[in-house]
Number of protein chains: 2
Amino acid sequence: MPARAQGRGIPEATVARLPVYLRALSTLAEDGAGTVSSEELATAAGVNSAKLRKDLSYLGSYGTRGVGYDVDYLVYQVSRELGLTQDWPVVIVGLGHLGHALANYGGFASRGFAIRALVDADPELVDQQIAGLRVHPLEALEDLVRRLGIAIGVIATPAPVAQTICDRLVSAGVSSILNFAPVVLAVPDEVEVRKVDMSIELQILAFHEQRKLATAALGDVSRELAEAVGPR
Amino acid sequence: MPARAQGRGIPEATVARLPVYLRALSTLAEDGAGTVSSEELATAAGVNSAKLRKDLSYLGSYGTRGVGYDVDYLVYQVSRELGLTQDWPVVIVGLGHLGHALANYGGFASRGFAIRALVDADPELVDQQIAGLRVHPLEALEDLVRRLGIAIGVIATPAPVAQTICDRLVSAGVSSILNFAPVVLAVPDEVEVRKVDMSIELQILAFHEQRKLATAALGDVSRELAEAVGPR
DNA sequence: ATGCGCTTGTGAACGTGAGCACAAAGTCGT
DNA sequence: ACGACTTTGTGCTCACGTTCACAAGCGCAT
């Protein structure tokens with residue numbers, strides 16, 4: 001896996017943090033802040049300031065020494081780097097509870113994404129209105145993608161059909177996929193997939209939770225041992 | 001950030017992949033596979049086989065050279081390592097579209113998690129039944145957490161109240177939090193937070209999408225240049 | 001029994017990312 | 001005009017993660 005994005009060469013880890021910075025910056029802008037120091041912004045974003053400065057330095061030298069960063073200017077620069085100065089049309093496939101929630105989520109529109117098409121296999125759902133959009137039947141998928149020039153697809157279907165939907169999206173020209181179905185999707189190299197999986201996140205939490213319990217129990221044992229041996 | 005989980009010392013990156021392996025293994029088990037080689041399992045999980053073997057080797061030597069891994073046995077070992085042999089009670093706070101979707105998601109129960117309590121601030125929702133559970137008012141939060149011995153909390157509220165909810169969960173004794181709200185939560189060191197943020201994932205996709213466009217355009221330019229110069 | 005073929009487990013090399021600590025570069029008061 | 005102070009940008013070091021490549025180990029056929 002090449003971790004450096006080719007081109008200007010922004011590390012992948014940095015790219016993943018830019019949206020967090022962007023959100024913190026937007027909040028600051030709303031609160032009327034004119035400039036912000038790396039220390040403040042880092043705290044707001046939950047990282048340390050050295051990392052933040054290094055991350056921002058990959059975009060260019062947009063700060064002023066002794067002062068900090070101009071909030072509005074930095075918002076613009078980060079947005080531009082992330083490609084959010086243009087609007088990306090998005091299709092959502094699968095409108096169960098989750099797809100429904102995604103369609104109604106306001107956070108997309110405000111950040112350069114426009115949900116342009118909804119598709120579901122269930123005849124009950126087809127032609128219904130969700131978030132101001134009509135639900136299209138599965139057959140219409142390829143046509144919608146081509147006609148609306150959609151490059152980003154969101155899969156919110158049950159796991160068993162996710163790969164099929166994925167294949168159809170890719171062959172229709174979608175080159176980025178956000179997958180909510182709990183399966184590993186196979187795609188050609190030039191297609192980028194990111195997955196969001198709540199059950200995986202919970203399992204990671206469970207691992208650490210268990211570890212806490214285990215070490216706590218171990219602590220108890222050593223304390224008991226110490227008591228058994230008696231005060232030295 | 002210490003990347004090695006203390007104790008037996010399984011790398012954090014490995015822990016994050018174990019749930020993926022577990023899912024692939026479960027599928028294989030359902031299909032009646034008795035054993036599986038690292039190569040097969042790696043393909044199913046979307047990683048390379050060397051990484052898979054190293055990951056599994058942190059759990060112990062559970063494979064047989066020349067043969068592969070016993071599927072059922074490995075399922076058990078991975079589950080045990082992740083702490084999924086016991087059931088973890090979970091509370092969901094916030095039952096908008098997303099919380100609703102989470103409450104109804106079947107994937108949790110089958111993997112060691114039991115949604116035990118639903119809480120929402122909206123009087124309209126309180127006392128309604130969702131996924132077979134009654135929705136409790138916000139005031140009941142601390143009592144529910146203590147009484148049911150809940151260690152894992154899921155925050156699916158609007159962003160502005162997420163930090164407050166988080167603080168209340170933590171002070172009631174929750175030590176792991178899965179956060180769907182688009183904010184960076186501040187918590188004490190001993191509390192583990194993981195966040196799921198679809199808008200961040202989309203922005204990362206947009207970055208790569210833009211890069212593809214840029215390099216494609218660059219390709220066009222070089223081709224045009226080459227033509228302008230003429231065949232050599 | 002013995003050897004052959006297959007697959008695991010791991011040492012070692014390499015690449016990526018994090019964080020310290022400081023020089024460079026700006027602002028502001030005098 | 002200048003010096004004190006503040007904050008950025010970055011060279012360097014260390015830790016973490018990935019991958020290669022191969023020896024060790026196991027089963028099966030002969």
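All chains are named by letter (A, B, ...) in the order of the sequence lines, taking the proteins before the strands, and each is independently numbered beginning at 1.
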B:Q203 side chain to B:S199 side chain, donor-acceptor N/O pair below 3.5 angstrom
yes

What is the distance, to the nearest angstrom, from the CD atom on B:E12 to the P atom on D:dT18?
12 Å

Measure all distances between protein nitrogen or oxygen atoms and nitrogen or oxygen atoms of nucleotides 3-5 of chain D, and list the pairs falling under 3.5 Å.
none

If each of A:G63 and A:G66 is mapped to the nucleotide of DNA chain D with the nearest heavy atom, which maps nearer the 5' terminus, i.e. the 5' end?
A:G66

Are the side chains of A:L82 and A:P19 in contact, using a 4.5 Å heavy-atom criterion?
yes

Separation of B:N48 atom CG from D:dG17 atom P, in whole Å?
16 Å

Rounded distance in Å - CG (A:L56) to C1' (D:dT8)
10 Å

Distance check: side-chain N/O of B:S38 vs OP1/OP2 of C:dT8, anything under 4.0 Å?
yes

So B:K195 and B:I200, do their side chains get closer than 4.5 Å, heavy atoms only?
yes

More 5' along DNA chain C: A:V67 or B:G68, using each one's nearest nucleotide?
B:G68

Measure centre to centre between the rings of B:Y62 and B:Y69, then say whether the value is under 6.0 Å.
no

Any N/O pairs under 3.5 Å between the protein and nucleotides 10-12 of chain D? List them or say none.
residue	atom	partner	partner atom	Å
D:dG11	O6	A:K54	NZ	3.1
D:dC12	N4	A:K54	NZ	3.3

Round to the nearest Å and state the distance from A:L18 atom CG to C:dG17 atom P.
13 Å

A:L52 CG to D:dT7 C1', in whole Å, measures 12 Å

Heavy-atom nearest nucleotide on DNA chain C taken for A:T14 and for B:S37; more 5' hit belongs to B:S37

With heavy-atom distances below 4.5 Å as the criterion, would you say the side chains of A:L185 and A:I155 are in contact?
yes

What integer distance in Å separates A:E39:CD from C:dC20:C1'?
13 Å

Tell me every residue that passes side-chain hydrogen bond (donor to acceptor under 3.5 Å, both in side chains) with A:Y76, counting only those two or more places apart in sequence or in another chain.
none

Find out whether A:R23 and A:R111 are in side-chain contact, i.e. whether some heavy atom of one side chain is under 4.5 Å from a heavy atom of the other.
yes

Any side-chain heavy-atom pair of A:R194 and B:L205 under 4.5 Å
yes

Gap between atoms OH and C1', on B:Y58 and D:dT18 respectively (whole Å)
10 Å

Quick one: do the B:S175 and B:E190 side chains pair a donor with an acceptor below 3.5 Å?
no

What is the distance from OH of A:Y62 to P of D:dG9, rounded to the nearest Å?
11 Å

Is A:Y69 close enough to C:dG26 that one of its side-chain N or O atoms is under 4.0 Å from OP1 or OP2 there?
no

